[in-house]
Amino acid sequence: MVKVPVKLVTWDDIVTWASTLAGKIIESRWMPDIVVAIARGGYVPARLLCDHMGINDLVSLQVVHWPSSAQVAEKAYIKYPVAQMDLNGKRVLIVDDIVDTGDSVLIARDHVLSRWPKADVRTGALQWISTVAKFKPDYYAYEVKDWVWFMYPWNLTEDLSNFITRIMVEEYKASGKVNWSLLELTEKLSEWYGDEILKVPVSYLGKALANLERNGVVLRLREGNVDLIKLAKG
Ligand code: AMP
């Protein structure tokens, strides 16, 4: 049974949504003086918005909320509070990729307003999950009703690494299994995350496993002529 449904997002989707979002903001006749990208998901959308709208000023705030793909931390927070900017009197557009719980954008907005109460702040995202979000961003390109985990093109390796880690840790807890062949892992990935995951180019699986090995999460062994991936803490 699929545990976390995922949907692969292409670069073309991103460019289309960013262009739609820019069109809506321009139509509203509220032109931001500065864009605040929420790190890290808001980087690419914010950069594209600046390009589409002719905005030069782009800064960033890091909100930590999803420590790993599809797993929520207890409380979202600003990792590096800003020191030296002055946004009072400016029209500030806060941008993220998606408003899911809504916590990240809300926290970023509160942070900006608490430091610069005279800022004119609005929020925008490529996607808004209307059925779960705590609030509706002022601008969005695309409303999502059925929750899925979107695999954005800038996050494929990280998503796969997190999914693999979760599979290996949970299966270890359930049955003590530590050694996995590539085929077993691929089958489990599609069982847990749906067949959509099989559309991710296979080279990303190699990158994810290499990162996991570098970070000491897995070891790679060869038994006979089979390559095995072993959970390091197993
Ligand atoms: P939020 O729950 O609205 O605070 O989302 C925080 C961040 O987590 C977003 O900016 C995304 O980078 C990531 N995220 C949350 N939900 C999803 C989702 N359904 N698909 C992909 N990324 C997500």
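Each ligand, and each atom within it, is numbered from 1 in the order the structure gives.
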Subset of ligand 1 atoms that lie under 4.0 Å from at least one heavy atom of [X]:
| X | result |
| --- | --- |
| Tyr152 | 21 (C), 22 (N) |
| Val99 | 3 (O) |
| Trp147 | 19 (N) |

Does some non-hydrogen atom of Ile107 fall short of 4.0 Å from ligand 1? no
Measure the distances from the heavy atoms of Ala76 to every atom of ligand 1 and state whether one is below 4.0 angstrom. no
[X] side chain to [Y] backbone, donor-acceptor under 3.5 Å:
| X | Y | result |
| --- | --- | --- |
| Thr131 | Lys145 | yes |
| Asn155 | Met151 | no |
| Asp138 | Arg122 | no |
| Asn162 | Glu158 | yes |

Does ligand 1 have a heavy atom under 4.0 Å from the side chain of Val105, from its backbone, from both, or from neither? neither
Below a 4.0 angstrom heavy-atom separation, can you tell me which part of Asp97, side chain or backbone, both or neither, approaches ligand 1? side chain
Which of Leu93, Val95, Leu49, Thr20 passes side-chain contact (heavy atoms from CB on, under 4.5 Å) with Tyr139? It is Leu93
Crowded around Lys90 NZ? As in, over 12 foreign heavy atoms under 6.0 Å? no
Report yes if [X] has an N/O atom closer than 3.5 Å to an N/O atom of ligand 1; otherwise report no.
| X | answer |
| --- | --- |
| Thr101 | yes |
| Val148 | yes |
| Phe150 | yes |
| Trp149 | no |

Asp33 with Arg91: basic N within carboxylate O range, under 4.0 Å: yes
ILVMFWY cluster, Tyr43 and Val112 together (side-chain gap under 4.5 Å): no
